[in-house]
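Data first, discussion second: the structure below is written as structure tokens.
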Amino acid sequence: MADIPEGDRDAVLALVTEALRDAGQTAPPLEAEQGDWLRGDAEWSGPDKHGWVALVPVGLDVWVPKALVAWQVALRSDGLLPPEWMDDPRLSLTRWPAIEAAVRRLYAAAEV
């Protein structure tokens, strides 16, 4: 992982984007794991009963991890990221410890 200065949202976005490119695959993931992946482009769903929205696949041929897509979209926006995102299993960054640590530093620096 590149040395990311504390609170550098653009550097964290670049890290997420790089991981997203690296994680993309043309072969579908195992069927049991497909709920954690998006195929091709994505769009936001309507809110569920708890007010959560989700990324839903639109279709094409590259599979990418849904959590990375969500964080990339959020980091590209100018708005604040809700702190509960770090606790949402659908948005978990545990597979990418360097990214998780960088995002946690953003929260600690109050830059999200």
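Along the sequence shown, the residues carry numbers beginning at 1.
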- Item | Results of side chain to side chain contact (heavy atoms under 4.5 Å, CB included) for Glu31 - residues two or more places apart only | none
- Please identify each residue that fulfils side chain to side chain contact (heavy atoms under 4.5 Å, CB included) with Pro28, with sequence neighbours left out. Gln34, Trp63
If you compare all heavy atoms of [X] against all heavy atoms of [Y], which two are closest, and at what distance to 0.1 Å?
X	Y	answer
Leu68	Ala23	CD1-CB, 4.3 Å
Ser92	Ala67	O-CB, 3.5 Å
Val103	Met86	CG1-SD, 3.4 Å
Val12	Ala102	CG2-CB, 3.8 Å
Leu91	Trp71	O-NE1, 2.8 Å

Rounded distance [0.5 Å steps], [atom1] in [X] versus [atom2] in [Y]:
X	Y	atom1	atom2	answer
Asp36	Lys66	CG	NZ	7.0 Å
Leu106	Leu13	CG	CG	10.0 Å
Ile99	Leu20	CD1	CG	8.5 Å

- Message: My understanding is that only residues two or more places apart in sequence, or in another chain, count here; which of them pass side-chain hydrogen bond (donor to acceptor under 3.5 Å, both in side chains) with Glu33?
- Response: none
- Item | By salt bridge (Lys or Arg N to Asp or Glu O under 4.0 Å) - contacts of Glu100 (at least two apart) | Arg104
- Task: Could you tell me which residues satisfy salt bridge (Lys or Arg N to Asp or Glu O under 4.0 Å) with Asp88, sequence neighbours excluded, listed by chain and number?
- Result: Arg90
